[in-house]
Amino acid sequence: MHPPLSPSEKAIRYLFSGEECLYRDHFGRRVVADIEGNGFARVEKTNCPLLVVRDEEVAQGFQWTYNSSLTVVALEPGFVSVEMIQPFVRDLASEVPQSLALPYTGSGWLINSESPILLDGRHEPTRDASEALPLPFLMGIEGTGSAQIVSSPVACSLLDAFEIADSTSLKERRFSVQNMSKLVSLDSCFRDGTQRVASVASHLNRASWFLELPPDSQGLLLRRIYDRFHGRQRARVFIDGENLGYWYEPEQDRECRWHVSDFGVPASVVQGKNVAEISIDPPPGTPLWSISRMEAYALSHG
């Protein structure tokens, strides 16, 4: 039996060269990796000196586990590639990958592919997958040619969705928010070139709404479509008042401004519930939390 896939499981490769970076810190230095939560990370390759801060303390070496956060700063221009896996290293050594033709609907871990692919409808081409960095997916793979995957028995289906500009939908979900900006129309694209014209707003304080849950839920995937003009967007996520941690997106993009961002909710938080109150609360001093569309996906074991 293949292992179950967690809704909070993810793998990221940050890759930059020259003066490229996620953002500049308050000293003007290049931040090339920045993540919150717990997991494993390693420097795949670099030709410039690095400063690594793990769980708020300076770390040595080229690979680390972290419990709350990890930031990597490049101290000079140059190439650097950092791989991160959350919540921890996924050991698939005992699994035999299967080759299949794309596109593919289902869940699992991508081991490699013949061509650039998109995972889970995120509209952003992924970095190359490998046995050392298997890329988890819950909905499927878009692409051409073939790919090697390890499948998972988790099924993921759309449970709810609403647009921030749809007042009827907001009222049905008892949506409430403090200090939200006016709606504005944004005509831009995702990084795969897909165009989107839709309303977007930002809020400074907590937004909450209610979500009806299916029986025997095995977790949720919350998805936000938002304007990535400002980076380092951070918010606490609460389910029925329980703090699940930070939903964090460090990167900014002022050309392809639309972006898809996911946050996984474990089964233990929603099991046995018929309705849950979801709250998104950006703390003081952080950039405004942007939102255009919210989606919720239910996970189940097939």
Side-chain angles (χ1 to χ4, degrees), residues 7-8 10 12 22-26 31 33-39 53 55-56 66-71 84 86 122 124 160-167 169-170 173-186 188 190 198-211 220-254 256-266 269-270 276-297:
S8 58
K10 61 183 176 181
I12 303 171
L22 280 173
Y23 60 87
R24 298 271 178 174
D25 68 9
H26 57 286
V31 177
D34 186 1
I35 199 165
E36 295 187 352
N38 66 297
V53 179
D55 300 333
E56 300 184 358
Y66 53 95
N67 296 315
S68 61
S69 64
L70 185 88
T71 304
M84 296 180 165
Q86 288 185 312
R122 292 196 189 99
E124 186 165 357
D160 187 44
F162 64 87
E163 301 279 341
I164 196 63
D166 187 343
S167 59
S169 292
L170 299 184
R173 291 158 180 81
R174 290 180 282 167
F175 183 91
S176 63
V177 64
Q178 301 176 28
N179 296 328
M180 189 165 77
S181 69
K182 293 182 179 179
L183 293 168
V184 296
S185 179
L186 175 59
S188 188
F190 297 92
S199 295
V200 64
S202 299
H203 60 90
L204 179 62
N205 298 111
R206 180 177 297 208
S208 299
W209 67 96
F210 289 86
L211 175 68
L220 299 173
L221 184 75
L222 302 179
R223 170 163 289 189
R224 171 178 69 128
I225 299 178
Y226 73 102
D227 181 3
R228 212 181 201 182
F229 185 85
H230 293 292
R232 305 180 74 181
Q233 295 187 34
R234 172 189 278 106
R236 292 169 291 192
V237 179
F238 296 86
I239 303 291
D240 291 333
E242 179 180 352
N243 187 352
L244 303 187
Y246 280 101
W247 192 343
Y248 180 47
E249 284 288 345
E251 196 166 359
Q252 70 177 29
D253 193 327
R254 299 187 173 181
C256 302
R257 289 173 57 174
W258 287 118
H259 185 62
V260 177
S261 177
D262 295 334
F263 185 90
V265 177
V269 177
V270 294
E277 182 183 25
I278 300 173
S279 300
I280 308 295
D281 188 13
T286 60
L288 294 177
W289 184 256
S290 171
I291 177 174
S292 175
R293 177 179 173 88
M294 285 295 308
E295 298 174 349
Y297 293 83

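Everything numeric here is computed off the predicted structure, so don't read it as measured data. Numbers here simply count residues along the sequence, with the first being 1.
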Asker: For S181 and S202, indicate whether the former's side chain and the latter's backbone hold a donor-acceptor pair under 3.5 Å.
Answerer: yes

Asker: What distance do F162 atom CZ and E295 atom CD have between them, rounded to the nearest 0.5 Å?
Answerer: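 Separation between the atoms: 10.0 Å.
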
Asker: Taking the side chain as everything from C-beta on, heavy atoms only, tell me whether H259 gets closer than 4.5 Å to D253.
Answerer: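 H259 vs D253: side chains apart.
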
Asker: Rounded to the nearest 0.5 Å, what's the gap from OG on S8 to CG on N38? Could you check?
Answerer: 8.0 Å

Asker: I need the minimum non-hydrogen distance between E249 and S261, along with the two atoms involved.
Answerer: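 For E249 versus S261, the nearest heavy atoms are OE2-OG, 2.7 Å.
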
Asker: Considering only NZ, NE, NH1 and NH2 on the basic side and carboxylate oxygens on the acidic side, decide whether R173 and D160 come within less than 4.0 Å.
Answerer: yes

Asker: If you take all heavy atoms of A296 and L222, which pair is closest and at what distance?
Answerer: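 Heavy-atom minimum between the residues: CB-CD2, 4.2 Å.
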
Asker: Over all heavy atoms of both residues, which pair between V200 and I164 is shortest? Give the atoms and the distance, please.
Answerer: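 That closest heavy-atom pairing would be CA-CG2, 4.4 Å.
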
Asker: If we only count heavy atoms from C-beta on, is the L211 to L220 side-chain gap below 4.5 Å?
Answerer: yes

Asker: Any donor and acceptor pair, going by atom type alone, linking the side chain of R223 with main-chain N or O of R293 inside 3.5 Å?
Answerer: no

Asker: How many angstroms lie between OG in S279 and CG in N205, if you round to the nearest 0.5 Å?
Answerer: 12.5 Å

Asker: On the ring face of Y23, is R232 found with NZ or CZ under 6.0 Å from the centre and within 45° of the axis?
Answerer: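 Relative to the ring axis of Y23, which defines the angle, R232 lies inside both limits.
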
Asker: Which atom pair, heavy atoms only, marks the closest approach of A165 to S199?
Answerer: CB-CB, 3.6 Å

Asker: Distance-only, no hydrogens or angles: does the D240 side chain make a donor-acceptor pair with backbone N or O of E277 under 3.5 Å?
Answerer: yes

Asker: So, R234 and E36, do they make that salt bridge, N to O below 4.0 Å?
Answerer: yes

Asker: Can you see which heavy atom on F238 is nearest to which on D281, and at what distance?
Answerer: CE1-CB, 4.0 Å

Asker: Are side-chain heavy atoms of E124 and W258 found at a separation under 4.5 Å?
Answerer: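 No, side chains not in contact.
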
Asker: With a distance cut-off below 6.0 Å to the six-membered ring centre and an angular limit of 45° from the axis, does R254 pair with F229 as a cation-pi contact?
Answerer: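 Verdict for F229: a cation-pi partner in R254.
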
Asker: At what distance, to the nearest 0.5 angstrom, does OH of Y246 lie from OG of S68?
Answerer: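 Interatomic distance, Y246 OH to S68 OG, rounded to 0.5 Å: 11.0 Å.
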
Asker: Could you walk me through whether L170 and V177 satisfy the side chain to side chain contact (heavy atoms under 4.5 Å, CB included) test, starting with their C-alpha distance in whole Å, then the side-chain angles of each, then the deciding distance to 0.1 Å, before giving a yes or no?
Answerer: CA-CA 10 Å; L170 299 184; V177 64; over 6 Å; no

Asker: Going by the side chain to side chain contact (heavy atoms under 4.5 Å, CB included) test, name the single residue among I35, L22, D34 that passes it with T71.
Answerer: D34

Asker: Can you list the steps and then say if V265 with L221 is a side chain to side chain contact (heavy atoms under 4.5 Å, CB included)?
Answerer: CA-CA 6 Å; V265 177; L221 184 75; over 6 Å; no

Asker: Would you compute the distance between atom CE of M180 and atom CZ of F175 and round it to the nearest 0.5 angstrom?
Answerer: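 Result: 5.5 Å between the selected atoms.
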
Asker: Could you tell me whether the side chain of D55 and the main chain of Y66 form a donor-acceptor pair under 3.5 Å?
Answerer: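 The answer is no, because no donor-acceptor pair under 3.5 Å joins these two groups.
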
Asker: Under 3.5 Å, side chain of Q233 to main-chain N/O of D227, donor-acceptor pair present?
Answerer: yes

Asker: Testing the basics here: between D262 and W247, what is the closest heavy-atom pair and its distance to 0.1 Å?
Answerer: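 Where D262 meets W247 most closely, the heavy atoms are O-NE1, 3.6 Å.
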
Asker: Calculate, to the nearest 0.5 Å, the distance between atoms CD1 and CZ belonging to I278 and F263 respectively.
Answerer: 10.5 Å

Asker: Apply side chain to side chain contact (heavy atoms under 4.5 Å, CB included) to residues R224 and S290 and explain how you reach the verdict.
Answerer: CA-CA 9 Å; R224 171 178 69 128; S290 171; 4.3 Å; yes

